[in-house]
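One structure is given below, encoded as structure tokens.
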Amino acid sequence: MKNVVDRMKNLSNFLVLEANQNGEMNLKIETDLVSVTTHFKGLGNPPWGDENSQGPGRDRNPETMAEARVDIRKLQQFLAGQQVNPTKAMCNIVSNRIVHFILLHEDVSLQYFIPTVA
């Protein structure tokens, strides 16, 4: 993912990160001259919270994409700062609000929040 973001950074200042509950994630940039999308498929979707909870994502169509437009430099800072080689990485997206990354390595968890831009 770091290599893709590094290349996209040369084309735009902003990136749209979108994902769904079927394990699909896209990184997109759009300018007047070019539109580039990178697709990731077959990603895991771990259970989150209590199975009996009635949270806002429980009734969501698994194919519906949640998306967030972020400053590509902030995403690049996060990816460049990964000195830990995590055993698991998770990404939560609150559409048009925030992207929340969680990196897990043994007994350590690192959380990183990137706000969206209009």
Side-chain angles (χ1 to χ4, degrees):
M1 190 167 144
K2 181 180 182 308
N3 293 337
V4 171
V5 172
D6 285 344
R7 289 178 187 252
M8 288 181 164
K9 163 186 72 113
N10 297 323
L11 301 171
S12 176
N13 292 328
F14 303 101
L15 175 139
V16 174
L17 177 69
E18 62 180 9
N20 65 22
Q21 294 177 343
N22 280 345
E24 300 169 335
M25 182 175 75
N26 300 324
L27 303 178
K28 300 191 304 189
I29 58 163
E30 293 182 6
T31 68
D32 293 339
L33 300 174
V34 69
S35 177
V36 178
T37 304
T38 300
H39 304 275
F40 297 88
K41 297 185 185 276
L43 303 173
N45 188 4
W48 190 256
D50 183 10
E51 299 258 338
N52 298 321
S53 72
Q54 298 296 316
R58 293 284 179 211
D59 297 333
R60 183 185 200 117
N61 179 344
E63 294 182 10
T64 301
M65 291 285 191
E67 70 173 47
R69 184 173 183 255
V70 298
D71 184 327
I72 201 165
R73 293 168 298 170
K74 290 184 180 183
L75 180 58
Q76 188 180 26
Q77 276 181 325
F78 163 70
L79 295 170
Q82 286 189 47
Q83 300 301 318
V84 178
N85 200 4
T87 54
K88 188 177 285 188
M90 293 181 280
C91 175
N92 298 307
I93 301 171
V94 179
S95 280
N96 303 314
R97 300 259 183 212
I98 201 160
V99 178
H100 173 216
F101 290 100
I102 304 169
L103 302 179
L104 301 173
H105 180 73
E106 295 177 7
D107 293 337
V108 177
S109 74
L110 174 67
Q111 297 187 46
Y112 193 75
F113 297 87
I114 303 176
T116 60
V117 291

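The residues of the chain are indexed from 1 along the displayed sequence.
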CE (M1) and CE (M8) are apart, to the nearest 0.5 Å, by 10.0 Å
Rounding to 0.5 Å, atoms CZ (F78) and CG (L103) come to a distance of 4.0 Å
Considering all heavy atoms of both residues, which atom of N20 and which atom of T64 are nearest to each other, and what is their separation?
CB-O, 3.3 Å
State the CD-CG distance between Q21 and L43, to the nearest 0.5 angstrom.
13.5 Å
Looking only at heavy atoms, what is the nearest atom pair of V36 and L11, with distance?
CG2-CD1, 4.1 Å
What pair of heavy atoms forms the shortest contact from S35 to E30, and how long is it?
OG-CG, 3.6 Å
What distance separates I114 CD1 from I98 CD1, expressed to the nearest 0.5 Å?
9.0 Å
Could you tell me whether the side chains of N26 and E18 share a donor-acceptor contact shorter than 3.5 Å?
yes
Ignoring hydrogens and geometry, is there a side-chain-to-backbone donor-acceptor pair from R69 to N96 under 3.5 Å?
no
Out of curiosity, does V117 fall in the hydrophobic cluster containing F113 (side-chain heavy atoms, cut-off under 4.5 Å, transitive links)?
no
Using 0.5 Å steps for rounding, measure from the OH atom of Y112 to the CD1 atom of I102.
15.0 Å
Closest heavy-atom pair, V4 versus T38, reported as atoms and distance to 0.1 Å, is CG1-OG1, 3.4 Å
With a sphere of 6.0 Å drawn around CD of Q111, does it hold more than 12 non-hydrogen atoms of other residues, nucleotides or ligands?
yes
Nearest 0.5 angstrom please: N13 CG to K74 NZ, how far?
12.5 Å
Let me see the working for H39 and E24 under side chain to side chain donor-acceptor pair (under 3.5 Å), right down to the final yes or no.
CA-CA 7 Å; H39 304 275; E24 300 169 335; over 6 Å; no
Starting from F14, can I reach V16 by hopping between I/L/V/M/F/W/Y residues whose side chains sit under 4.5 Å apart?
no
When hydrophobic residues are tied together by side-chain contacts of less than 4.5 Å, even through go-betweens, does M25 share a cluster with L75?
yes
Exercise: identify the closest heavy-atom pair between M90 and L104:
CE-CD1, 3.6 Å
Criterion side-chain contact (heavy atoms from CB on, under 4.5 Å) on I93 and E67, from CA distance to verdict:
CA-CA 7 Å; I93 301 171; E67 70 173 47; 5.7 Å; no
Considering only heavy atoms from C-beta outward, does the side chain of L17 approach that of L27 to under 4.5 Å?
yes
Taking all non-hydrogen atoms of both residues, which atom of C91 and which atom of V99 are closest, and how far apart?
SG-CG1, 3.8 Å
